[in-house]
Amino acid sequence: MKFNTKTIHGGQKPDAAYGSVMPPIYQTSTYAQSTPGGHKGYEYSRTHNPTRTALENAFASLENGKYGLAFSSGLAAIDAILKLLKPGDEVVSTNDLYGGTYRLFTKIYEDFGIKFHFTGMENAKRIEDNINENTKLIWVETPTNPMLNIIDIVSVAKIAKRYEVLLAVDNTFATPYLQQPLELGADIVMHSATKYLGGHSDLVMGALIVKDKDLAARLYFIQNACGAVCGPQDAFLALRGIKTLHIRMQRHCENGHAVAEYLAQHPKIENVYWPGFQNHPNHDIAKSQMKAYGGMVSFTTKGNNYEEAIKIVENLKIFTLAESLGGVESLAGHPASMTHASIPKEEREKIGVVDSLIRLSVGIEDEADLIADLKQAID
Ligand code: P1T
């Protein structure tokens, strides 16, 4: 089945009871048993729920995986991966990543005895410099949030295999429409399904997808034992969102391209970060592992003035100033004071998250309106 068909049918079939084309919202915590243990595959909704199962099957299908797991948020999904580890284990992570992931690593899991090494992964050699006998996990986000760096998943996967370390890829920015990390050698794909998978800014959710049966069993155990599952209403909304993922992504990419080109020629703009540009430092890798370049664009203004950046985001009318990304509507954010405020100033500035950096999640509105809005806000 091709991707554009999978978004609509992947892992899903009409409901067995009445043939409803969309899975019903099984709004129930529990299921009747005829005798203890005598049930129809469902006994308690933390463990399983039929609406969630339909969504988990859809996740697995989209990423060419075998097993999908849905969580109450993206961070809950990452938390489940970290629970595969034990005190003394070490993780090598990208140094440019979502601030909340960084906070979970450094403010929660370091206290439980896990050590994190943050490094730029554009050069794979740097990963090897941080691997030792305690390393159990490599954490990759690509494209990175918010600098839009691209990491070569195939090269990192080779290193992970050589050292027998798990490779997890946060595929939130790309979505399986643009890249499928399991096909490139990753062991675990993670999503904040809050973003493009849901696609309508109406839910908070996380996803994990794997191919390996034993790894899936360990993650299902953690999901049930720790309990950060999503509810059936949200599972239904995510299923509905996924059905248009391919057409939404196509438009996000087109509009992202137009906005990036507009910003690049604007005299007040210093840098535009978008992996589709030929002069983006990792453009060749983006070209080889992604189908197109996505709808996320970051930029800085000349002079790197904090007040000016704040004024621009306040002046926007069609772009909404808000955290998050990946919905049909365009959003603008100021990473240094919003999504990445939990990263110390000197750390974030090392990776380019300077005071004038503005991050755009370019939506699927009319391209001309988006450009006119940026023009009036910047001018
Ligand atoms: O918000 P939540 O569903 O828990 O997902 C966390 C998360 C994980 N990974 C990436 C790449 C993310 O971008 C996020 C959430 N990011 C935002 C809220 C944001 O505005 O960047």
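We count ligands from 1, going down the list as the structure has it; atoms in each ligand are counted the same way. Small disclaimer: the values here were computed from a predicted structure and weren't measured.
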heavy-atom search around atom 10 (C) of ligand 1 in the protein gives D170 OD2, 3.4 Å

S73: numbered ligand 1 atoms lying under 4.0 Å from its heavy atoms: 3 (O), 4 (O)

Could you tell me how the ring of Y102 sits relative to the ring of F118: parallel (under 30°), tilted (30 to 60°) or perpendicular (over 60°)? tilted

G74-ligand 1 polar pair, N/O distance under 3.5 Å: yes

For atom 5 (O) of ligand 1, what's the nearest protein heavy-atom neighbour? Residue, atom name and distance, please. S192 OG, 3.0 Å

Determine, considering heavy atoms only, which of A207, P146, S72, S324 sits nearest to atom 20 (O) of ligand 1. S324

Are F59 and H191 close enough that their ring centers fall under 6.0 Å? no

Is it the side chain, the backbone, both or neither of L325 that has a heavy atom closer than 4.0 Å to ligand 1? side chain

What about the rings of Y196 and Y177, do their centers lie closer together than 6.0 Å? no

Taking N or O atoms only and a 3.5 Å limit, does L75 qualify as a polar contact for ligand 1? yes

In the protein, which heavy atom is nearest to atom 14 (C) of ligand 1, and how far is it? Y98 CD2, 3.4 Å

Ion pair E183/K211, N-O distance below 4.0 Å: yes

Just heavy atoms, cut-off under 4.0 Å: does T194 contact ligand 1 by side chain, backbone, both, or neither? side chain

I'd like to know if K311 pairs up with E314 as an ion pair, taking the criterion as any Lys NZ or Arg NE/NH1/NH2 lying under 4.0 Å from an Asp or Glu carboxylate oxygen. no

For ligand 1, find out whether one of its N or O atoms is nearer than 3.5 Å to an N or O atom of E141. no

Mind checking what makes side chain to side chain donor-acceptor pair (under 3.5 Å) contact with Q12, not counting sequence neighbours? K243

Salt bridge or not between K350 and E346? Use side-chain N to carboxylate O under 4.0 Å. no

Name the closest protein heavy atom to atom 13 (O) of ligand 1, giving the residue it belongs to and the distance to 0.1 Å. N145 ND2, 3.0 Å

Please determine if R218 and D214 form a salt bridge, counting it only when a charged side-chain N lies under 4.0 Å from a carboxylate O. no

For R359, is the nearest heavy atom under 4.0 Å from an atom of ligand 1? yes

Assess K195 for proximity to ligand 1: is some non-hydrogen atom of it under 4.0 Å away? yes

Work out whether the distance between some heavy atom of G206 and some atom of ligand 1 is less than 4.0 Å. no

Does a side-chain N-to-carboxylate-O contact under 4.0 Å join K345 and D355? yes

